[in-house]
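One structure below.
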Amino acid sequence: MICRAAVDSLTTELGAAGFESPRIEAERLVAMTLGVRRHELYVHSEIRIEPAEATRLSSLVRRRVAGEPLQYIEGSAPFRELELSVNSAVLVPRPETEQLVDHVASWIQSKRGGLRVECALDVGTGSGALALALISEHLVRSIVAVDLSESALGVAASNVRALGLTGRIQLRQCGADFWAELGPDERFGLIVSNPPYVTDAELECLPDEVRCHEPRAALAGGPDGLDIIRQLSAGAPDRLEPAGALFVEIGAEQGSAVYSLLKADDRWSEVRVYKDLCERDRFAVAVRR
Ligand code: GLN
């Protein structure tokens, strides 16, 4: 079969299977099969797909139709300016989480006169997305990144190496009490986290693509989704330098609960909740006295 015809017939197949952007997905799957970038496909539109490639394409299509996120199939996903390796051990980086970096950047501009943070902490680093973006965008000089999952840390480590940032990031495996992983005198100018915050009830209603393929431990935040957020808000003031800040991604329904939780603790001088681009509460920021 000719490449263009393969894209057309796959587009029809994926459209019929209910995918929202069947042509883009078809192009990506065919491009992946041929080992080219999607935008380069038109150069190859007349080439013949060899039998071995056709076999490979149908196995990729089978995975996609079974609901596996395209990013896992491709093995990579964009985050800010970076292209990160991902697999089913880590969440696919979300556009909302990219916005957390914007909030850190504006805090650094407005409250620190543009001075980057010497040492930060990332709780639940997953693929390392937040930690790597903060370093590569010169917002932070070095960062300790912890995660419960050994396989997630493996993904983060390969991203750290691929970006040549080995000297700037310390990856540590932690237990359920992640604060216990830190040395008694370790303090940070900034703590960031995209913790698991999905409630038990919401978890069952997530799209299959998320629920059946993404790591549950990175999503499930307990009955009200706030288990880890409570741990963060309780422990962060002791680990932040004066005027240091905690930036946490939260669920759309958690804005007022997280605001009250942080507001009740007078170790914070300032507490704010910010919305994402869809106008849903998405980030909580607290600044230590
Ligand atoms: N935003 C993710 C979702 O919609 C949840 C990520 C998280 O729990 N940190 O599934």
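Indexing begins at 1, ligand by ligand and atom by atom, following the structure's order. Treat the numbers as computed from the prediction; the structure is a model and nothing was measured.
Classification of R168 and E118 as a salt-bridged pair fails, no side-chain N sitting under 4.0 Å from a carboxylate O. With respect to E270 and R272, a salt bridge is recorded, a charged nitrogen being found less than 4.0 Å from a carboxylate O.
Evaluation of the ring pair (Phe, Tyr, Trp, His ring centres under 6.0 Å) test over residues 253-289, restricted to residues two or more places apart or in two chains, returns H103-Y274, H103-F283.
Contact residues of ligand 1 (protein heavy atom closer than 4.0 angstrom to a ligand atom; sorted by chain and number): L91, R94, N194, P195, P196, Y197, V198, V210, A218, L219.
Annotation: R48, atom CZ; neighbour count of heavy atoms from other residues, nucleotides and ligands within 6.0 Å does not exceed 12.
With no hydrogens or angles considered, a side-chain donor-acceptor pair links T125 and D122 at under 3.5 Å.
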Step-by-step side chain to side chain contact (heavy atoms under 4.5 Å, CB included) determination, L148 to Q173: CA-CA 6 Å; L148 282 170; Q173 190 171 7; over 6 Å; no
